[in-house]
Amino acid sequence: MSNELKPFNITLPLVEKLIVDQFPEYAHLDIQSVKIQGHDNRTFRLGPDMLVRMPTAESYALKVPKEQQLLPHLKSYLTVPIPVPLKMGYSSDYYPFPFSIYKWLDGESANSMSIEDSTLECIALDLANFLRELQSVDTSYGPAPGQHNFYRGDHVSVYDKGAQTQIEQLSGLIDSKKAMMLWEQAMLTKWQKPLVWIHGDFASGNILIQDNKLSGVIDFGGIGIGDPACDLVITWTFLKGKSREIFRQNVNIDKNTWLRARAWCLWKATYELCNVGDKDSPYALKQKQIIEEVLSE
């Protein structure tokens, strides 16, 4: 089985050995696995002020040098803290990918906490302002969409075949006729303005909250330049009610881009629902709710 299909087994002893071998100046620091781990990377806290981020497969490792190059420059344009790469590790005989050491950012992942509506409304405004700042940064050195970011920022039609197959497979569980109509309408629109920076995975798991405020945005592996529609999916996956409207009003995006954003969200939610065995599980029910809300607009 290839590295793409089977995530590399990253253990605490492996990380400790990498630090000793490649960064002996940090060998005395305590290393601990973080509480909630992602799929693309495993994260370990390194001492009180740093973290080690380890890709689990080759496709995710493509993002490491890109983040090392781009994030220090982007940081100077953003008022919300983002990760600052301090060191880059290299592949070895016992770990095949490059990896990064970052400065630790304080805050709790938004997907691991309960957030009151009034707080969510403030966070929605912060999220919209963050995207507007990001989209205003000069794009002359930005990477185009590609395999390195799973084509985020490209036209949503890059997933046309998969989306149509997923919608057909879910017939009876979702309004497949309405879903196909939305998808086909989105295919007819495109971003008409100059390309802008996109985060690429602007989701609750990559948003940090501290003292009921947005304290950081992390995981820029999907960054690139292109159509910002993919970054608007958070409207339905995280925001709700008044916070959704606050975000929509302040992000300042045209109606056709919102249509493609709904299509991005539909593609992702149908993908997740197709790959859940128990279609009545809490996670499956959440995907059904997202699809219903996207289709009801």
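- The closest side-chain heavy-atom distance from Leu71 to Ile82 is below 4.5 Å.
- Glu133 and Thr79 are linked by a side-chain donor-acceptor pair at a separation below 3.5 angstrom, with hydrogens and angles left out of the test.
- A salt bridge links Asp280 with Lys288: at least one charged nitrogen is closer than 4.0 Å to a carboxylate oxygen.
- Scanning both residues, Leu295 and Arg262, for their nearest heavy atoms gives O-NH2, 3.9 Å.
- Among all heavy-atom pairs drawn from Gly222 and Arg152, the shortest one is O-CB, 4.3 Å.
- In this structure, His73 has its ring center closer than 6.0 angstrom to the ring center of Tyr77.
- Under the 3.5 Å distance criterion, the side-chain polar atoms of His28 are left unmatched by any main-chain donor or acceptor of Pro24.
- Separation of the Trp197 and Tyr141 ring centroids falls under the 6.0 Å cut-off.
- The backbone N or O of Lys213 sits nowhere less than 3.5 Å from a side-chain atom of Asp211 that would complete a donor-acceptor pair.
- For the pair Arg260 and Trp191, the NZ or CZ position fails the cation-pi test of under 6.0 Å to the six-membered ring centre and within 45 degrees of the ring normal.
- Under the 3.5 Å distance criterion, the side-chain polar atoms of His199 are matched with a main-chain donor or acceptor of Ile218.
- Using modelled atom types, one side-chain atom of Lys66 and one backbone atom of Gly221 make a donor-acceptor pair closer than 3.5 Å.
- Checked by atom type and distance alone, the side chain of Thr257 never pairs as donor or acceptor with a backbone atom of Ile253 at under 3.5 Å.
- Rounding to the nearest 0.5 Å gives a distance of 8.5 Å between CZ of Phe220 and CG of Asn206.
- Pro55 and Arg53 make their closest contact through CD-O, 3.7 Å (heavy atoms, listed as atom of the first residue, atom of the second, distance).
- A donor-acceptor pair under 3.5 Å links the side-chain atoms of Gln22 to the main chain of Tyr90, judged by distance alone.
- Contact check for Lys190 versus Asp227: no side-chain heavy atoms found under the 4.5 Å cut-off.
- Ring centroid separation for the pair Tyr159 and Tyr271 does not come in under the 6.0 Å cut-off.
- Of the charged side-chain nitrogens involved, at least one lies within less than 4.0 Å of a carboxylate oxygen, so that Glu297 and Arg248 count as a salt-bridged pair.
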Notebook entry, point to check: What's the verdict on side-chain hydrogen bond (donor to acceptor under 3.5 Å, both in side chains) for Gln147 and Ser59, showing C-alpha distance, side-chain angles and the deciding distance?
Noted result: CA-CA 8 Å; Gln147 184 58 48; Ser59 60; 5.2 Å; no
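- The backbone N or O of Ile246 sits less than 3.5 Å from a side-chain atom of Asn250, completing a donor-acceptor pair.
- Closest heavy-atom contact between Val276 and Ser281: CG1-OG, 3.6 Å.
- The structure places NZ of Lys103 at 15.0 Å from CD1 of Ile101, a figure rounded to the nearest 0.5 Å.
- Remark: the Asp231 side chain and the Trp264 side chain contain no N/O donor-acceptor pair separated by less than 3.5 Å.
- From Asn41, atom CG reaches atom CE of Met54 across 9.5 Å, with rounding to the nearest 0.5 Å.
- Under the 4.5 Å side-chain criterion, counting only non-hydrogen atoms from C-beta, Leu120 is in contact with Leu239.
- Counting heavy atoms from C-beta outward, Leu127 and Val251 have side chains that stay 4.5 Å or more apart.
- Residues Tyr94 and Leu18 meet the side-chain proximity criterion, which asks for heavy atoms closer than 4.5 Å.
- Note: Trp258 and Phe247 have perpendicular aromatic rings, judged against thresholds of 30 and 60 degrees for the angle between ring planes.
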Checklist line | Criterion side chain to side chain contact (heavy atoms under 4.5 Å, CB included) on Ile290 and Gln287, from CA distance to verdict | finding: CA-CA 5 Å; Ile290 291 171; Gln287 302 312 308; 4.0 Å; yes
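- How far CG of Leu125 is from CG of Leu214: 10.5 Å, rounded to the nearest 0.5 Å.
- Judged by distance alone, the side chains of Gln164 and Glu168 never bring a donor and an acceptor atom under 3.5 Å apart.
- A salt bridge is defined here as a Lys NZ or Arg NE, NH1 or NH2 lying under 4.0 Å from an Asp or Glu carboxylate O, and Lys63 with Asp40 meets this definition.
- Formation of a donor-acceptor pair under 3.5 Å by the Thr11 side chain with backbone atoms of Leu14 is found in this model.
- Figure legend: cation-pi geometry between Lys87 and Phe23 absent, as NZ or CZ is not positioned both under 6.0 Å from the six-membered ring centre and within 45° of its axis.
- Remark: the backbone N or O of Leu266 is paired with a side-chain donor or acceptor of Thr270 at under 3.5 angstrom.
- By the 4.5 Å heavy-atom criterion applied to side chains, Thr237 and Cys265 are counted as neighbours.
- A distance of 10.0 Å separates CD of Glu272 from CD1 of Ile291, quoted to the nearest 0.5 Å.
- Taking the charged nitrogens against the carboxylate oxygens, Glu293 and Arg244 do have a contact shorter than 4.0 Å, which makes a salt bridge.
- Contact annotation: the side chain of Glu16 never approaches that of Phe44 to less than 4.5 Å [non-hydrogen atoms, C-beta and beyond].
- In terms of heavy atoms, Cys274 sits closest to Leu170 at SG-CG, 3.7 Å.
- Applying the 6.0 Å contact sphere to CD of Glu292 captures no more than 12 heavy atoms from other residues, nucleotides or ligands.
- The OG1 atom of Thr139 sits 12.0 Å away from atom CD1 of Ile198, with the distance rounded to the nearest 0.5 Å.
- A distance-only check finds a donor-acceptor pair linking the side chain of His155 to the backbone of Thr189 [under 3.5 Å].
- Between Gln185 and Leu259 the shortest side-chain heavy-atom distance falls below 4.5 Å.
- Here the shortest heavy-atom pairing between Gly153 and Pro145 reads C-CG, 3.5 Å.
- Aromatic pair Tyr95/Phe97: centroids less than 6.0 angstrom apart.
- Ionic pairing of Lys240 and Asp117 is present here: one or more N-O contacts between side-chain nitrogen and carboxylate oxygen are shorter than 4.0 angstrom.
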